[in-house]
Amino acid sequence: MYVISPVLLFFCPDSDLSMRTLSTPSPALILPPSSSPLPPPALANGSSTSSSSITGETVAMVHAPPAGLIRPQARGRPLKDQQAPVDRLPDHIFLQIFAHLPTNQLCRCARVCRRWYNLAWDPRLWRSIRLTGDLLHADRALRVLTRRLCQDTPNVCLMLETVVASGCRRLTDRGLHTVAQCCPELRRLEVAGCYNISNEAVFDVVSRCPNLEHLDVSGCSKVTCISLTREVSLKLLPMHGQQISIRYLDMTDCFALEDEGLHTIAAHCTQLTHLYLRRCVRLTDEGLRYLVIYCPSVRELSVSDCRFVSDFGLREIAKLEGRLRYLSVAHCGRITDVGLRYVAKYCGRLRYLNARGCEGLTDQGLEHLAKSCPKLKSLDIGKCPLVSDAGLEILALNCFNLKRLSLKSCESITGRGLQVVAANCFDLQLLNVQDCDVPLEALRFVKRHCKRCVIEHTNPAFF
C-alpha cells in the first residue's frame, strides 16, 4: 500500500526539470507574466493559493504533452535504481492523489513529464472544473479546457458535470456559451459574483444542459429570470412542455428580479426544492403566490431582506405545509404574529426559522411556533424587541431539540428566560445573546447545563 502526501507531487525529480528543453510545450491552466512569480503549490489538503493573489494578468494555456525524457545511465547501476521514489508509484495511486488537486494545480502537474501529462488528463479526473481569481481570463480558460477535454469525444465533454467559476469577475456570456455547447451532461453550475453574466447565457446553459440540477447565480445582477431559449421552448412544447430539471437555485442579490420573473421561474422549474432569494428587493407577496402554485416541493426558502413581503406572503408560503423545513424571512419588517401563526399551523415539520429583525413578532407568535413546531432545531429572533422571557419559557418547554438560538439585541430578554432554556434544551450548541442585558450568573448557568454550547455575548466578565 502506498501513502504519499500531495505536497510531494510538486517536487518532481531534478533530472526531469533539468533535461526539459526550453522549446518543450507544457500544459498549464495558469501562466502568469514574466514579472510575476508562480503561486506556491497546493497544500496537503488540496487547497491552493487563489490566483487573485497573482500580480498582473492571468491567462489560460494548454499545450501538447512534454517530449519524452531520457536519462543517462550511470556506469554499473541499473536504470531502475536511478528513479526517484515518486516515479515508482503505480498509475492508480497517482490518480487518487491527483483527484484531490484543484484545476490549476492539476494542469501544472501535467507539465512535469509525459507520464504525468497522460495521467493528469485522465477523463476520470475531469468531472469538475473549478476556477478562481479576479484576474483569471475565465472565458479563455473554459474554452481551452473544454477543447482539450473534447479530444476523445469531438465537440462534447461527456464526463464534465460541475463547473465552478464563482468570483471570476471576468467571466462573460462567451464563457457560458462555451459551457453550454460542450458540456451536455452538466449537473452543477456556480457563477456567483460574475456580474457580467446575462439572461441570454443562462438561458443557453439551461436549454442545452437538460440534467442541470444546481444553479448558483447569486450576485449576477443582470440575471432577471431562469427560462429556456425561445427555440428550445417551441421545440419541446408539443412533447414535454417547458420544464427545467433545476432543484437548487440561488438568486441572492439578483436585484432586478421581479414578480413576473419569479412567475416564469416557477412555471419552468417545477422541481425546485431549494430556493434562495435574499435581497431580491422587488419581490412581493404576489411572486410568492406563483411560487407555491407551481413548486409544491420547496423545502428550503429564503426571502430575507425582501421588504415588500408581508403576512400575506407567509400565508402563501404556509401552503407548502409539511414539506417546508427551512424558512428565512429576516428583516422583512411587514411580518407580524399573524403571518408566523400561519406558518406554524401548517408547517409543523419546520426545522429552521430566521426571523431576525421582524420587529412585529411578540411572545404570542413565539408561542404558536413552539407549540406547532416541536422539532425546531434553529431559531433566530434577534432584534425582536417585543420577545421576552415569557416567550422563551414557552419555547424551551416545547422545543427540546433546539440546537441554535440567536437572541441578539433582544432588549426584553433577561437571565430568567435563558435559565429555563438551558434547563430544558440540553443539546443547545450555540447561543447568541450579544447586546442583551443578561446577568453573569445566567451565562454561567447556561454553561453548566449545556456543556457543548458556544455562547456569543458582550459581557466582558464572562469567559
- [ ] Assess whether side-chain contact (heavy atoms from CB on, under 4.5 Å) is satisfied between L136 and N104, documenting all intermediate values.
- [x] CA-CA 11 Å; L136 179 68; N104 59 337; over 6 Å; no

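- Not counting sequence neighbours, D216 has no partner by the salt bridge (charged side-chain N to carboxylate O under 4.0 Å, His left out) test.
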Would you mind writing out the side-chain donor-acceptor pairs for residues 185-193 within the sub-3.5 Å range, not counting sequence neighbours?
unit_1: E185; atom_1: OE1; unit_2: N211; atom_2: ND2; d: 3.2
unit_1: R188; atom_1: NE; unit_2: E190; atom_2: OE2; d: 2.6
unit_1: R188; atom_1: NH2; unit_2: E190; atom_2: OE2; d: 2.7

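- Remark: L288 CG to L277 CG distance equals 8.0 Å, nearest 0.5 Å.
- L275 contributes atom CG, which lies 6.5 Å from atom CG of L262 (distance to the nearest 0.5 angstrom).
- Evaluation of the side chain to side chain contact (heavy atoms under 4.5 Å, CB included) rule for Y352 yields Y326, N354, S378 as partners, not counting sequence neighbours.
- By the 4.5 Å heavy-atom criterion applied to side chains, L407 and I381 are counted as neighbours.
- Heavy-atom minimum distance, R351 versus K375: CD-O, 3.3 Å.
- Residues L95 and L125 are in side-chain contact: their nearest non-hydrogen atoms beyond the backbone lie under 4.5 Å apart.
- The salt bridge (charged side-chain N to carboxylate O under 4.0 Å, His left out) search around D122 returns R124, not counting sequence neighbours.
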- [ ] Could you go through the side-chain contact (heavy atoms from CB on, under 4.5 Å) check for H368 and K345 one step at a time?
- [x] CA-CA 8 Å; H368 287 296; K345 181 178 180 180; over 6 Å; no

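- Evaluation of the salt bridge (charged side-chain N to carboxylate O under 4.0 Å, His left out) rule for E260 yields no partner, not counting sequence neighbours.
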Validation: residues 308-315 side-chain donor-acceptor distances under 3.5 Å, sequence neighbours left out:
unit_1: S310; atom_1: OG; unit_2: D285; atom_2: OD2; d: 2.5
unit_1: S310; atom_1: OG; unit_2: F312; atom_2: N; d: 3.4
unit_1: D311; atom_1: OD1; unit_2: T336; atom_2: N; d: 2.8
unit_1: D311; atom_1: OD1; unit_2: G339; atom_2: N; d: 3.2
unit_1: D311; atom_1: OD2; unit_2: T336; atom_2: OG1; d: 2.5

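- Using a distance-only test at 3.5 Å, with no hydrogens or angles considered, a donor-acceptor pair links the side chain of R325 to the main chain of G322.
- With hydrogens and angles ignored, the 3.5 Å screen pairs no side-chain donor or acceptor of S372 with any backbone N or O of L369.
- Take S128 and apply the side chain to side chain contact (heavy atoms under 4.5 Å, CB included) test, not counting sequence neighbours, and it matches R130, T162.
- Here the side chains of N424 and V420 are in contact, with some heavy-atom distance below 4.5 Å.
- For the atom pair CG of L131 and CG of L145, the computed distance is 6.5 Å after rounding to the nearest 0.5 Å.
- Of the possible donor and acceptor atoms, one in the side chain of D259 sits under 3.5 Å from a partner among the backbone N and O of T284.
- Classification of E441 and R444 as a salt-bridged pair fails, no side-chain N sitting under 4.0 Å from a carboxylate O.
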- [ ] Evaluate side-chain contact (heavy atoms from CB on, under 4.5 Å) for D363 paired with L386, printing each intermediate quantity in order.
- [x] CA-CA 7 Å; D363 292 336; L386 301 181; over 6 Å; no

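- Side-chain contact between H177 and E200 is present, with heavy atoms from C-beta onward closer than 4.5 Å.
- Proximity of I129 to V164: side-chain heavy atoms (C-beta onward) are nowhere separated by under 4.5 Å.
- The side-chain contact (heavy atoms from CB on, under 4.5 Å) with S198 is formed by just one residue from the set T224, T172, D173; it is D173.
- Residue pairs that meet the ring-ring contact (aromatic ring centres under 6.0 Å, His included) test with at least one member in residues 192-220, sequence neighbours left out, are H214-Y248.
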- [ ] Would you check, one step at a time, whether the test side-chain contact (heavy atoms from CB on, under 4.5 Å) holds for I413 with V433?
- [x] CA-CA 9 Å; I413 297 298; V433 288; 5.6 Å; no

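- Ring geometry for Y346 against Y342 counts as parallel: the plane angle stays under 30°, on a 0 to 90° scale with 60° as the upper cut.
- Here the side chains of L443 and N459 are in contact, with some heavy-atom distance below 4.5 Å.
- No side-chain heavy atom of L327 sits under 4.5 Å from any side-chain heavy atom of L320.
- A donor-acceptor distance shorter than 3.5 angstrom exists from the side chain of S207 to the backbone of T229, with no hydrogens or angles considered.
- Once rounded to the nearest 0.5 Å, the distance linking SG of C280 with CD of E258 reads 11.0 Å.
- A search for side chain to side chain contact (heavy atoms under 4.5 Å, CB included) contacts involving Q429 returns K403, R452, not counting sequence neighbours.
- Nearest heavy atoms, C384 versus C358: SG-O, 3.3 Å.
- Nearest heavy-atom pair, L392 versus L366, reported as atom, atom and distance to 0.1 Å: N-CD2, 4.1 Å.
- Annotation: salt bridge (charged side-chain N to carboxylate O under 4.0 Å, His left out) contacts of R404 (sequence neighbours excluded): none.
- Distance CD/Q105 to NE2/H100: 15.0 Å, rounded to 0.5 Å.
- Looking only at distances, a side-chain donor or acceptor of W126 sits under 3.5 Å from a matching main-chain atom of A120.
- Atom CZ of R323 is surrounded by more than 12 heavy atoms from other residues, nucleotides or ligands within 6.0 Å.
- Judged as a ring-ring contact (aromatic ring centres under 6.0 Å, His included), not a single pair has a partner in residues 397-440 (not counting sequence neighbours).
- Taking the side chain as every heavy atom from C-beta outward, N432 and D380 never approach each other to under 4.5 Å.
- At a threshold of 4.0 Å, the pair E161-R127 counts as salt-bridged, since one of the basic side-chain nitrogens sits closer than that to a carboxylate oxygen.
- Atom SG of C410 is separated from atom CZ of R356 by 9.0 Å, given to the nearest 0.5 angstrom.
- Checked against the 6.0 Å centroid threshold, Y294 and H268 do not count as a close aromatic pair.
- The shortest heavy-atom contact between G415 and A442 is CA-CB, 3.5 Å.
- D337 places a side-chain N or O within 3.5 Å of a backbone atom of T362 that can act as its donor or acceptor partner.
- Here the shortest heavy-atom pairing between L395 and A370 reads CA-CB, 3.7 Å.
- The local environment of CD in E456 is crowded, with over 12 non-hydrogen atoms from other residues, nucleotides or ligands closer than 6.0 Å.
- For K447, the side chain to side chain contact (heavy atoms under 4.5 Å, CB included) partners are I455, F462, not counting sequence neighbours.
- Looking at every heavy atom in both residues, T252 comes nearest to R278 through OG1-NH1, 3.1 Å.
- With S245 contributing its side chain and P210 its backbone, the two residues share a donor-acceptor pair below 3.5 Å.
- The backbone N or O of Q434 sits nowhere less than 3.5 Å from a side-chain atom of T458 that would complete a donor-acceptor pair.
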